[in-house]
Amino acid sequence: MEVQEMNQQSKKTFIFKKPEYIILMVAGIIYASISLVNHFVYRTYFNDLGLYTNAMYNYVHGNWHRSLIFAGGEHIDLWLILFSPLSLIFGSYALLILQITFILFGGLGIYRYVFLLSNDKVLSLVSQFHFYFFFGIFTAVSFDYHSNVPAAMLVPWIFLFLKQKKWIHAGFIFFLVIIAKENMPLWMMFISSGLLFASLHVEKIPGRFPRIKIPSEKKKLSLMLLVLFIVSGSYFIFLSQWFMPKYSFAVIGHLNDYKLLGGSPSAAIGNFFSNPAEMIIAFFTNHTGNPAGDYLKAEFLLLLFISGGWVLLIRPVYLWMCVPLFAQKLFTDNTQFWGLGGQYAVEFAPIIVIGIYEFLALRKSKLVESGKTKFVMVKIAATVSVVLSVAVCFRVLDNTHAFVDKAAIRFYKERHYKSNTPLDAAQEAYRQIPDDAALSVQTHLAPHAALREKIYLFPEINDAQYIFLQMSGSGYYPLTQDEFLTLKDSLLKSKIWNEVWQKESLVILKKTL
């Protein structure tokens, strides 16, 4: 009895001594109530969760001829290969669980990095809370799975291990990031070069040009950052100049959305320096003329600034690290990227939060050096920063000019937990379709059926033996509702397809020939 009481007391003591884990658990519950619930109620889609889950299935089962990497896949994503065994354990939820886990891990990295800088537990906890409630993370978990999300969550650990001079750890994490997605090595070039610039010391000499020196205590760090820059740059050149043009047709298609920049990194650099005024104007305005893009950039930039983006103006090194993030988000012709929805703002979270609390930690350090022990302004600044970030987060959840699926993100509303798809009937439908059958399926029904070799987004049929559809609802993409119904009727009239199962709004068609 006494031993049991001591064990319980020990657990309580651990929790109270480690409040960062309480924050982590609360954040994990909220993220799960958004992401996992969305999947349960059929609010995840073929792009990207269905496609990626199907890729994991094929990797783990050795179907490399179905590889997304060498068959014009949406992205160059080697993580799917590494983590494909998780699909055997968690099924179609695997990538969503992975994404949440990495976000929580990223917040823990923020906490440890800020604590290493400041030796201030309260400031570290505030930074972790700020990170978890950054609006870009909430919009990311509310909309499917994307490899850039977990990859971005490793960035705080790169900062931490470099600061601790754990070169092997830093190199390993850096390697994981650059193989996650084709745009990650470009981002890592800016992060490694930014940290390299920050490690240099400018020595001012009267009457002469300033001299740049590498402090002796930072020579190993500078060498490590130079190596990381060369590695990420080489990998980016390999992908963009050789591999993607040869194999990845879908990725190359994305470059067509960047007419303002040009069709290649070199063209983008040339265009920027040949007409910088046009680029600066396009950064803030709707450069496409499409009315759907009006005010989207302004809203995003304003809310980003309030959430902590102001630190980019007083710490230019972090602005440099965000250059590729701004470019890929605001210079595309696809107005969907400009707004607040989806995963298109998540990479800003680690950079901005690290920038804010590193700045505050440095302010505290200077106060300590001057003999001052009261850090009222530092605490006020931290409190205001996190309050503003949380306010912006809930502003995004409740009311935005840009489209954000309110049913998908507002975990505190009853509507979030209701499905437009009959749940029991859907589970029964999946049991009617053989696991080894090629399947054409609607977008919102695809992720749950993706653990098979062949799956297609209806109306693409190819060699599918079954078609699984929901006749009511809103999941008709890429067709309109009228196009969808007309096509379904024409398939039945062709006599090639028969309706073999129907319940509520769900139907299964089977190929007869």
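Note that the numbering runs from 1 along the sequence shown for the chain.
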Under the side-chain hydrogen bond (donor to acceptor under 3.5 Å, both in side chains) criterion, do H39 and S92 qualify, and how do the steps go? CA-CA 9 Å; H39 186 51; S92 61; 2.9 Å; yes
Within 45° of the six-membered ring axis of F300 and under 6.0 Å from that ring's centre, is NZ or CZ of K329 located there? yes
Tell me, yes or no, whether the heavy-atom count around [X] atom [atom1], taken from other residues, nucleotides or ligands under 6.0 Å, exceeds 12.
| X | atom1 | answer |
| --- | --- | --- |
| Q427 | CD | yes |
| F190 | CZ | yes |
| F326 | CZ | yes |
| N462 | CG | yes |
| K510 | NZ | no |

Where does the angle between the aromatic ring planes of [X] and [Y] fall among parallel (under 30°), tilted (30 to 60°) and perpendicular (over 60°)?
| X | Y | value |
| --- | --- | --- |
| H448 | Y93 | perpendicular |
| F138 | Y31 | perpendicular |
| Y52 | Y145 | perpendicular |
| F133 | F394 | parallel |
| F468 | Y430 | perpendicular |
| W338 | H287 | tilted |
| Y235 | F238 | parallel |

Report yes if some heavy atom in the side chain of [X] is under 4.5 Å from a heavy atom in the side chain of [Y]; otherwise report no.
| X | Y | answer |
| --- | --- | --- |
| H444 | T421 | yes |
| V60 | S87 | yes |
| P459 | P478 | yes |
| L506 | L469 | no |
| V155 | I351 | yes |
| V441 | F458 | no |
| F348 | C322 | yes |
| I352 | L304 | yes |

Might you work through the side-chain hydrogen bond (donor to acceptor under 3.5 Å, both in side chains) test for D398 and Y412, ending with a clear yes or no? CA-CA 11 Å; D398 281 327; Y412 46 86; 2.7 Å; yes
Under the criterion side-chain hydrogen bond (donor to acceptor under 3.5 Å, both in side chains), I'd like the reasoning laid out for Y295 against N286: C-alpha separation, chi angles, the key distance, then a yes or no. CA-CA 8 Å; Y295 311 113; N286 179 0; over 6 Å; no
Do any N or O atoms from the side chain of [X] and from the backbone of [Y] form a donor-acceptor pair under 3.5 angstrom?
| X | Y | result |
| --- | --- | --- |
| Q343 | H146 | no |
| D144 | L49 | yes |
| T53 | G50 | no |
| N54 | A450 | yes |
| T512 | I496 | yes |
| N38 | S142 | yes |
| R43 | H416 | yes |
| W79 | A151 | no |
| S35 | A32 | no |
| S494 | L491 | yes |

Determine the minimum heavy-atom distance between P447 and Y45, stating which atoms define it.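 Looking at all heavy atoms of both residues, the shortest contact is CG-O, 3.3 Å.
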Check this for me, if you would: do R452 and D436 make a salt bridge, where the nitrogen-to-carboxylate-oxygen distance has to be below 4.0 angstrom? no
Can K181 and E347 be counted as an ion pair, charged N to O under 4.0 angstrom? no
I would like to know whether S193 and W320 meet side-chain hydrogen bond (donor to acceptor under 3.5 Å, both in side chains); could you show each step before the answer? CA-CA 9 Å; S193 59; W320 171 256; 2.9 Å; yes
Between CD1 of I467 and OG of S440, what distance do you get to the nearest 0.5 Å? 5.0 Å
Measuring from atom OG of S147 to atom CG of L80, what distance do you get when rounded to the nearest 0.5 angstrom?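 That separation rounds to 5.0 Å.
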Report the C-alpha distance between Y477 and L457 in whole Å, list the side-chain angles of each, state the deciding distance to 0.1 Å, and finish with yes or no for side chain to side chain contact (heavy atoms under 4.5 Å, CB included). CA-CA 9 Å; Y477 175 85; L457 175 61; 4.2 Å; yes
With no hydrogens and no angle check, just 3.5 Å: does a side-chain donor-acceptor pair link Q328 and N183? yes
